K.L.:
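I have a structure I would like to understand better, so I am pasting it below and will then ask my questions one at a time.
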Amino acid sequence: MADFIKNPVVALPDRDPAPHFSEEELIFTAEEKVRIARWVAQYPTPDGAVMWTLWLAQEKFGFLPPEVLRLVAAELGIPYAQVYGVATFYTQYFKEKKGRYVLDVCTCFSCQFTGGYDVLHYLEKKLGVHAGETTPDGCFTIQEVECLGACGSAPMLQVSNGPYVYCLTPAKIDALLDALKAGRMPGFTSVTLPQDEDEMGGNRRTDADASISYSTMPIAEQTR
Amino acid sequence: MPSVTIDGRKYEFEGHPRLLQFCLDHGIEVPHFCYHPSMSVPANCRQCLVDIGAPVRSRATGELERTEDGEPVIRYFPKLQTSCSHTLADGQVVHTSRSSDKVARAQQDNLELMLINHPLDCPICDQAGMCPLQIQAYKYGPEGSRFEFRKTHKPKKVKLGPHVVLDAERCINCTRCTRFTDEISRSHQLTIIDRGVKNYPLTPPGLVFDDPYSMNVIDLCPVGALTSADFRFQARIWEMSSTPSIITASAKGSNCYYWVRDNLILRVTPRPNPEVNDFWLPDEDRLAYRCFNEDRPGGPEIREDGARQGATWEAACARAAELLSAAGLRSVFLASALATVEDNYLLMALARMTGGTVAGYLPHIAPGHGDGWLRTDERAPNGEGCRRLGLGPADVDALNEQIAKGEYDVLYVLEDDPVAAGLSELGAVSVILHYHNTTNRTLSLADVALPAATAAETIGTFVNVDGRAQRVVPAKAIRGAHRTLMMHMGLSRADRHGTPFDRWHNESHLINCKPSWELLPAVAGAMGHRMDYPGPRQIMDEVSSTVPAFGGATHKAMGLAGVKLPEV
């Protein structure tokens with residue numbers, strides 16, 4: 001983002017990229033087709049199910065190159081151009097190949113104020129790549145993202161469009177990276193509110209793997 | 001009848017009109033970009049905002065609440081509404097920018113927002129001069145911009161397909177182009193990609209914008225983002241004149257404008273006609289204009305000592321008359337689906353005078369070419385006109401045989417190419433040829449070659465496949481002052497560009513040709529027959545009154561929209 005502000009040039013996407021997947025790989029299984037059909041049935045027109053289906057395809061293929069978008073379009077019976085438009089609109093649909101884990105570091109206002117850039121720079125230094133890049137071993141991609149809606153427990157990051165990791169400190173980041181390298185995704189953590197501490201053990205959610213309580217936020221390096 | 005008050009004036013309406021269309025129909029200008037009458041209404045440009053109020057009804061009684069003066073109480077919508085998507089209801093009160101400062105300010109701010117990332121490269125933009133964004137920014141926009149940062153830059157020259165080039169940073173994301181491919185042509189080849197300041201229309205990877213109607217998005221584009229690969233940087237709008245006419249590359253006769261500078265046609269754009277082509281033109285029709293500019297003849301020629309040599313018009317017509325007189329009944333005439341009704345009618349008259357045979361017209365059929373919309377199997381503009389004159393398609397094989405047997409001495413061809421149509425045995429006959437282009441393959445065999453004015457230079461009538469008679473008017477001048485042509489050119493071109501009466505007039509690229517409705521009477525005259533018509537209007541008056549299939553098709557009745565002929 002910062003680069004775009006300094007140098008606001010929109011690049012033309014590759015208009016004719018080489019395919020990443022072979023014809024044999026580009027299929028939905030019978031079970032996936034059933035799921036897609038169920039989504040399609042929920043909406044008046046099949047294009048309503050495009051986001052579900054793209055999500056399914058991204059989980060299956062890891063990212064969404066044009067041939068996967070064509071597959072989704074063919075499965076739903078909607079124009080390929082429309083699928084491409086939807087896929088490029090949403091940043092959480094990955095159009096390029098990413099690392100095994102994508103670390104979306106929030107640097108929007110609240111996180112920035114509490115050290116979002118400190119987290120980002122720590123990660124960049126530790127992994128040796130810049131924001132937007134993937135480590136050479138293909139394990140991590142670091143991305144700088146806009147607000148993820150967890151300002152109360154800033155600074156935070158999101159792992160691979162999935163669980164949030166809150167109240168980041170260097171030690172917590174080290175532990176997270178080690179766990180991810182070992183193949184352990186962080187679980188869903190519930191952040192409790194002070195007024196809830198007394199009842200329900202502080203945890204309003206029964207489905208949360210863990211809970212952390214609210215704490216006073218740190219202050220970013222540059223504002224100290 | 002329900003009524004609505006717009007800017008203090010009351011208008012009555014029927015049905016459920018949309019406010020913006022209602023305003024446009026009543027000559028009330030409301031600035032807009034994304035709205036197009038033929039397509040869905042996304043209301044995404046936000047330029048057509050107006051202030052709308054509705055009369056208040058008492059909840060208890062359902063009666064209109066009235067002020068002390070007895071006027072209905074009007075309650076306004078809390079925010080401005082997009083007039084394009086608003087359906088009118090009885091008693092509503094509308095304020096456009098003319099009567100509301102709030103609306104004027106909203107439209108001004110909207111334009112300022114739109115221009116933030118617009119490159120303002122009007123001095124090199126093809127659209128400048130007829131650009132809705134430019135016009136409306138002048139009329140409704142702010143004096144300047146408060147945006148003092150770097151503009152976002154997007155790809156400047158993206159070839160979307162064979163005929164359309166995109167300049168992404170000029171785009172205001174009105175989605176007219178994507179809606180055209182989704183709703184009208186249904187090729188689904190364009191989409192708006194990405195989001196925020198980064199978005200613009202593009203084809204998805206691996207797809208080429210090769211829609212046969214792709215160039216319509218160029219006319220739809222309210223800015224200069226989509227430009228024609230063919231016309232890009234060729235001319236400024238104000239250097240050209242536009243003449244309302246029709247397409248002659250297909251049998252549909254789609255209505256169009258010919259844009260002319262220095263007597264060269266530079267581009268063709270659609271002219272709305274709901275009875276024929278709505279707002280659209282196929283690409284092939286737009287790109288067929290080159291035949292009007294290129295490979296044009298230098299003047300009349302006659303064969304002397306085995307070689308064609310330049311001659312005067314009088315000498316050429318005299319030679320044609322001489323050949324026809326000598327042949328007498330042994331002459332055969334070929335009518336033409338490429339020539340106007342008037343010219344074919346005169347050819348039939350000439351054939352009657354000489355006693356020759358009319359063999360019909362040469363068919364130009366490409367089976368499978370048509371798409372049931374604006375592209376047709378028949379690739380000539382006037383096949384239906386010929387049929388309505390009682391002419392049938394010529395039997396080329398039979399004619400070949402008859403000519404080989406020596407049944408004819410003279411073949412008189414009106415504006416067509418019999419050799420290209422397969423008439424190969426022309427060694428034994430003398431050929432008199434009216435022709436448009438030097439690429440005509442019969443030209444090398446012609447004994448008298450008479451350059452004829454094309455549809456862009458003449459006046460006449462073509463009948464489309466659906467039996468609609470439509471008029472062409474001269475878009476460009478030919479060499480030599482012709483009173484009727486000049487008069488029509490002045491009448492048909494409001495700007496008078498290119499006529500001798502204006503400062504853009506230019507003597508270059510004038511073709512030494514004559515309309516066939518002048519040549520045929522000249523040949524008849526040289527034979528001593530009288531074929532006396534002041535111009536094509538009088539010929540068509542005669543045709544419409546004597547040929548029942550052309551009932552009512554006078555030039556006056558046809559006007560610019562054409563006239564539906566009786567069923568035959």
Side-chain angles (χ1 to χ4, degrees), chain A residues 1-21 23 26 45-47 50-51 54 57 63-74 76-97 108 132 144-147, chain B residues 40 42 44 116-119 147-161 164-171 173 175 177-211 214 217 225:
Chain A
M1 244 348 123
D3 285 338
F4 183 77
I5 290 164
K6 283 183 201 148
N7 186 27
V9 177
V10 179
L12 184 71
D14 188 349
R15 309 263 330 268
D16 209 4
H20 290 82
F21 297 102
E23 289 288 323
L26 285 171
T45 50
D47 52 3
V50 67
M51 294 187 66
L54 281 173
F63 68 116
L64 300 171
E67 62 270 25
V68 173
L69 299 179
R70 279 185 196 269
L71 174 71
V72 169
L76 294 174
I78 63 174
Y80 163 46
Q82 189 183 354
V83 177
Y84 183 68
V86 173
T88 53
F89 182 86
Y90 293 100
T91 53
Q92 286 183 309
Y93 292 130
F94 302 142
K95 273 70 70 182
E96 300 92 33
K97 195 167 171 51
C108 216
E144 189 185 350
V145 298
E146 295 305 323
C147 189
Chain B
S40 62
N44 64 12
I116 279 181
N117 281 313
H118 190 80
F147 188 76
E148 51 192 28
F149 312 97
R150 290 186 63 173
K151 284 177 186 254
T152 298
H153 291 288
K154 299 185 200 172
K156 206 87 183 117
K157 196 174 87 182
V158 185
K159 201 134 199 250
L160 293 182
V164 181
V165 179
L166 168 75
D167 185 322
E169 57 186 12
R170 292 177 187 157
C171 177
N173 285 292
T175 69
C177 53
T178 61
R179 277 179 286 142
F180 175 80
T181 58
D182 283 342
E183 298 167 16
I184 308 290
S185 74
R186 296 182 181 279
S187 67
H188 304 288
Q189 287 174 334
L190 287 181
T191 186
I192 301 282
I193 67 155
D194 223 307
R195 65 197 298 183
V197 294
K198 298 181 183 177
N199 60 2
Y200 55 90
L202 195 68
T203 53
L207 216 63
V208 176
F209 188 35
D210 57 359
D211 188 327
S214 67
V217 301

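What's counted below: heavy atoms across the whole structure, side chains too, no hydrogens, waters or symmetry copies. Within every chain, numbering begins at 1; the chains are lettered A, B, ... in the order of the sequence lines, protein sequences first and strands thereafter. This is a predicted model, so every value here is computed, not measured.
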K.L.:
Would you say A:T88's side chain and B:I193's backbone share a donor-acceptor pair under 3.5 angstrom?
P.N.:
no
K.L.:
With a 4.5 angstrom heavy-atom cut-off, is it the side chain or the backbone of B:F149 that approaches chain A, or both, or neither?
P.N.:
neither
K.L.:
Looking at residues at least two apart in the chain, or sitting in another chain, which of them share a salt bridge (Lys or Arg N to Asp or Glu O under 4.0 Å) with B:D211?
P.N.:
none
K.L.:
Quick one about A:R15 and B:T203 (side-chain donor to acceptor, distance below 3.5 Å, no hydrogens or angles considered), yes or no?
P.N.:
yes
K.L.:
Excluding sequence neighbours, so at least two apart, what forms side chain to side chain donor-acceptor pair (under 3.5 Å) with A:T45?
P.N.:
A:D47
K.L.:
Looking only at non-hydrogen atoms, find the nearest pair between B:G206 and A:D16 and report the distance.
P.N.:
CA-OD1, 3.7 Å
K.L.:
Please classify the contact of A:A87 with chain B as side chain, backbone, both or neither, using a heavy-atom distance under 4.5 Å.
P.N.:
neither
K.L.:
Can you say whether B:L190 sits under 4.5 Å from chain A via the side chain, the backbone, both, or neither, judging by heavy atoms?
P.N.:
backbone
K.L.:
Between B:L166 and chain A, with a heavy-atom cut-off of 4.5 Å, which part of the residue counts as in contact: side chain, backbone, both or neither?
P.N.:
neither
K.L.:
Measure distances from B:L207 to the heavy atoms of chain A and classify the residue's part below 4.5 Å as side chain, backbone, both or neither.
P.N.:
both
K.L.:
Taking A:K6's backbone N and O only, do any of them form a donor-acceptor pair with B:R150's side chain (distance below 3.5 Å, no angle check)?
P.N.:
yes
K.L.:
Does any backbone or side-chain atom of B:K159 lie under 4.5 Å from a heavy atom of chain A? Answer side chain, backbone, both or neither.
P.N.:
backbone
